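Every chain is numbered from 1, with letters handed out A, B, ... down the list of sequences. Just so it is clear, the model here is predicted, and its values are computed rather than measured.
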Amino acid sequence: KQEVTQIPAALSVPEGENLVLNCSFTDSAIYNLQWFRQDPGKGLTSLLLIQSSQREQTSGRLNASLDKSSGRSTLYIAASQPGDSATYLCAVRVRTALIFGKGTTLSVSS
Amino acid sequence: DTGVSQNPRHKITKRGQNVTFRCDPISEHNRLYWYRQTLGQGPEFLTYFQNEAQLEKSRLLSDRFSAERPKGSFSTLEIQRTEQGDSAMYLCASSFRDRDLNTEAFFGQGTRLTVV
């Protein structure tokens with residue numbers, strides 16, 4: 001059974017800091033991996049999608065990497081801003097469903 | 001296209017009542033998914049449709065839950081005889097699948113259900 005773990009569960013940083021969020025999964029047989037952002041009480045916003053054949057994807061200040069063989073992905077956020085404060089969720093696609101971790105709640109202080 | 005749309009955004013109901021939620025996916029997407037999210041947890045898969053066919057259901061989807069996607073367009077999720085344990089955020093997502101291509105899944109804003 002696929003399990004997704006995100007570490008740390010919560011993170012507080014001052015504005016301007018670069019940071020890394022970690023995601024690990026137990027079964028490397030995935031189709032793709034997707035990172036989402038969720039604001040309190042809201043739905044999920046897709047940030048980056050990495051297909052299983054890819055190693056990384058970049059969008060603005062965000063960079064996500066994927067190491068399928070070791071079952072790991074990282075989300076790198078450069079020059080963090082207070083507006084980045086949210087919960088970040090990692091999900092892997094196995095056959096049809098996305099399997100999610102519990103998320104990392106990020107707080108960026110000004 | 002404004003993305004995935006869910007209605008209502010909030011629903012408060014008394015235990016034992018039936019509720020129905022609606023999801024309008026992105027128009028060109030052929031896959032539609034329902035997820036449930038409780039506080040502090042990631043979303044959990046409930047069911048998915050490829051066009052109008054419901055192809056997979058999670059064991060989380062008890063017989064009080066039913067989902068439809070008539071004509072492969074919008075979808076409804078009905079919960080009969082609601083219980084307090086059904087209180088959660090219900091999320092809908094859509095994506096496009098063609099042969100080996102799996103596109104991004106886009107989520108709606110969710111329907112927050114509170115059973116009192």
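- Only the side chain of A:L89 comes within less than 4.5 Å of a heavy atom of chain B; its backbone N, CA, C and O stay farther away.
- Nearest heavy atom pair, residue A:L33 against residue A:C90, reads CD1-SG, 3.9 Å.
- Test B:Y33, B:W34, B:Y48 against B:S75 for side chain to side chain donor-acceptor pair (under 3.5 Å) and you get one pass: B:W34.
- Annotation: the span from B:Y35 atom OH to B:T47 atom OG1 amounts to 10.5 Å, rounded to 0.5 Å.
- Heavy-atom distances place no part of A:I99 under 4.5 Å from chain B, backbone and side chain included.
- Summarising the geometry of B:Q6 relative to B:G110, their closest heavy-atom pair is OE1-N, 3.0 Å, with the distance given to 0.1 Å.
- B:Q37 touches chain A through its side chain: at least one heavy atom from C-beta onward sits under 4.5 Å away, while N, CA, C and O do not.
- Of the listed residues (A:Q34, A:K42, A:Q6), the one with the most heavy-atom contacts under 4.5 Å to chain B is A:Q34.
- A:Q38 touches chain B through its side chain: at least one heavy atom from C-beta onward sits under 4.5 Å away, while N, CA, C and O do not.
- Taking both residues in full, the closest heavy atoms of B:C23 and B:V4 are given as SG-CG1, 3.8 Å, listed atom of the first, atom of the second, then distance.
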